[in-house]
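Here the structure is laid out as C-alpha cells; the discussion comes afterwards.
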Amino acid sequence: MQHTIAIKENHVFRRLYRQGKNAVSPLLAVYCKKNRLGCTRLGITVSTKVGKAVTRNLVRRRIKEAYRIHEGEFLSSYDVVIVSRVRCAKADFWEIEASLLQLMQQLKLLENKDT
RNA sequence: CGAGUAAGCCAGACAGUCGCGUGCGUCAUAUGCCGAAAGGCGACGUAUGAGGAAAGUCCGAGCUCCAUAGGGCAAGGAUAACGGGUAACGCCCGCCGAAGGCGACUUCAGGAAAAGUGCAACAGAGAGAUACCGCCGAACAUAUCUGUUCGGUAAGGGUGGAAAGGCGAGGUAAGAGCUCACCGGUCGGUAGGAGACUAUGCGACCCUGUAAACUCUAUCCGGAGCAACACCGCAUAGGAGAAUGGAGACCGAUGCAAAUCGGUCGAAAAGGUCGGCCCGGCUGUUCUCGGGAAGGUGGCUGGAGCCUUGUGGCAACGCAAGGCGUAGAUAGAUGGCUGUCAAAUACAGAACUCGGCUUACAGACUUGCUCGCAUC
RNA sequence: GGAGAUGUAUCGAAGAGGUCAUAACGAGCUCGACUCGAAAUCGAGUUGUCCGGAGACGGGCACGUGGGUUCGAAUCCCACCAUCUCCG
C-alpha cells in the first residue's frame, strides 16, 4: 500500500473509538478521524470472538485486500480503523468489499468522481 | 464379496494476473530523509516462503542467566513387572503376567500388604477382633416344662463389598486344618530361562481388602525462562563517591563577657513537594559513577537433521556410503480474482530449537493379518 | 510466546474418602407479621434437571466434562473444556 502506514499504538486506537466518526454494518465497523500527517493511517482489528487464529488471519487479509484495491478512491490524510464483527468469519470477499465501500460512502471518505 | 483389525502415506494441484515477507544480485543515492541517540529508509531482477498436528503446554533435552551447579545429607517432587533402544524421557521396541475378544488383536500407575502404622462409614454379635441367636457339657434350682451360672464351640442364622482360603470325608459332647484327599495362594527348594517368569504331590505356612492412605525399596531431579539473556542508547526514583551549602548542638583555643577561629555532629523548625483542607508521608544543591522505562541491534536458525542403498538386529534402533540442505516475521509476511481437474470441503497458522505424549480432523490411497460366505 | 490460579443452588461461599450434600452459612426470591402504605426488622418456606402421579409426593441423574483407583469419590489420580490473573 503506497500511501498508507499502519497504526501500531494502542492509544491511537482508543482515541479513535472515543472521538472518531463511525459507521456500522452487519459485517464491519469503521472509525475515522482527520489527521495532520499528510498520509492515511490504517488499523485493522479482529478480536478472538471472530474465531481462531486461522480464521482471524483470513478475515484480516481480506479486509486488507479490499482496502488495497480501493485505496486510490479514498480521501487521504485520515486515521481509519476497521473492526470486523462476528459474522465476518462466514462472509466471502465480495460481501466484505461491498460492505467496506458502503461504509466509506456513509463517512464521505470517497472521492467524488462525478464532479 | 462382506465384516473387522493393525500399520503406513497424502493433506488440493497446475496456469494466468494484482499484492506481501526474507535472502542474493544489479542499479541508484547520500556529507539526502526519519530519529534525542542507537539505528533505519529505494527500484528492478531472481530464488524462496506454515503443520500433521504449527494446538494443548503434559514430559524429556539443548541454549541463557541466577550463587560453585562437582560430591554428600535432609526436605519436597517424579517414575515403577523384566530385558533392550535412545543425548534424554513418564517415550519407543520386545517379552512376561492379568483382563477382554471366535480370531487377527486390544487394554493395563503392573514393585512391596510376610518391615511397621492407619482406615474399612452404615448394617451386623463380631471387620485379625468377636459368642447375639443357636449347638454341646457341667453345677445349682424345679414335680415337670424349663430357668440361672460357669465353660466349650465359628458347623447353621442374619448383616455386609469383604466373615478367616474353598469343598468333601474322618473325627467329636458339640465343633474346629484338629487330621486326610482334592483345588487355589504365598514363601523356600529343585529344573529351565539373560530376566520378569514358567514347571513341580519336594517342603513350609504368621492365607481379608486398601499403598491413585502414610510408608518401605530402587532409580532420577538446584531454580527460572528467548517477554531468558547480551550489546547500543535515554528519563525519573532509589544506591555509591566527591564537592559545596546549612538553623543549631557539642568539644577545644583566645577572651571578664559578647564574640571570633578550628574540629565533630547535623534537616528538628521554617520552606518545598504529594494532597481540596487538617492530620500524615517525603526531604538541601551540583557533578561523577552506577542503574536502566519507552526504543534499536543481536539471540534467529545446520540440527542428537532428512532421504536412498547396503549391512547388524525379531524389533525399536545402530553402523557405513552417497545425496539433500531453501520460513525467520516483530501489531507480526501466504491473500484477492479467473480457468482446468467429478468436487475443493476437515482440523487448523511458525514466534528460540529439537525428541516424544495428548487432543482435534473432511476425504483419497496402499499393505499385512483375522473371521464369515461363495466358487474352483 | 511463557508462567500460574479457579470451576459446588440465581449470586457469593463452606465442605479435605463414609448415614441422600438436611447442598452448611450469607445474599436473593416467595409468603406472612408489623405499617395508612412502603423501607427496615421478625418468622416461615423455596431452592437444579428428568421421569412417574389428578395431587400429596416418590424415584433417577446432578459438585465444569469424560475416564480410572476404591466396597464407596465433590474430595485421590489422569485427560480434556471454560474463565480469570501475572510476565515487556
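Computed from a prediction, not measured in an experiment: that's the story for all the values here. Side chains are part of it too, since the values below use all heavy atoms of this structure and drop only hydrogens, waters and symmetry mates. Here is how names work: the chains are called A, B, and so on, in the same order as the sequence lines, proteins then strands, and each is numbered from 1.
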- prompt: Where does B/G8 land, syn or anti, given syn is within 90° of 0?
  reply: anti
- prompt: Taking A/Arg62 for the side chain and A/Ala91 for the main chain, is one N or O donor matched with an acceptor at less than 3.5 Å?
  reply: yes
Syn/anti state for B/G177 [syn: chi within 90° of 0]: syn
For C/A54, the Watson-Crick or wobble partner whose two distances fall under 3.5 Å: none
query: How far, in whole Å, is B/G325 from B/A104 if one measures between their C1' atoms?
result: 43 Å
task: Indicate syn or anti for B/U68, taking the glycosidic torsion and treating anything within 90° of 0 as syn.
output: syn
message: Going by purine N1 to pyrimidine N3 plus the second Watson-Crick contact, or the G-U wobble pair, all under 3.5 Å, which nucleotide sits opposite B/C214?
response: B/G116
message: Without decimals, in angstroms, what is the distance between A/Glu65 CD and B/G19 P?
response: 10 Å
field: Nucleotide paired to B/C300 in any strand shown, Watson-Crick or G-U, under 3.5 Å
entry: none
Spacing between A/Lys64 atom NZ and B/G19 atom C1', to the nearest angstrom: 9 Å
task: Could you work out which one of B/A348, B/G335, B/A50 sits closest to the side chain of A/Arg62?
output: B/G335
query: Mind checking who B/A249 pairs with, Watson-Crick or G-U wobble, both distances under 3.5 Å?
result: B/U264
field: d(CG, A/Asn57; P, B/A331) in whole Å
entry: 15 Å
- prompt: If we call it a pair only when both distances are under 3.5 Å in a Watson-Crick or G-U wobble match, what pairs with B/G241?
  reply: B/C287
task: Provide the Watson-Crick or G-U wobble partner of B/C27, both distances under 3.5 Å; none if there is no partner.
output: B/G42
query: So what does A/Arg56 touch, heavy atoms closer than 4.0 Å: a base, only the sugar-phosphate, or nothing?
result: nothing
message: Please name the nucleotide paired to B/G147 by Watson-Crick or G-U wobble geometry with both distances under 3.5 Å, or report none.
response: B/C140
Interatomic distance where CD belongs to A/Glu71 and P belongs to B/C18 [whole Å]: 17 Å
Distance in angstrom units between A/Ile44 CD1 and B/C20 P, rounded: 15 Å
Syn-anti status, with the boundary at 90° from 0, for the nucleotide B/A191: anti
message: Rounding to an integer number of Å, can you tell me how far A/Arg61 CZ sits from B/A50 P?
response: 11 Å
field: B/U5 pairs with, by Watson-Crick or G-U criteria that keep both distances under 3.5 Å
entry: B/G368
A/Arg60 (side chain) and B/G332 (base): donor-acceptor pair under 3.5 Å: no
message: Syn or anti for B/G52, given that syn means the glycosidic angle lies within 90° of 0?
response: syn
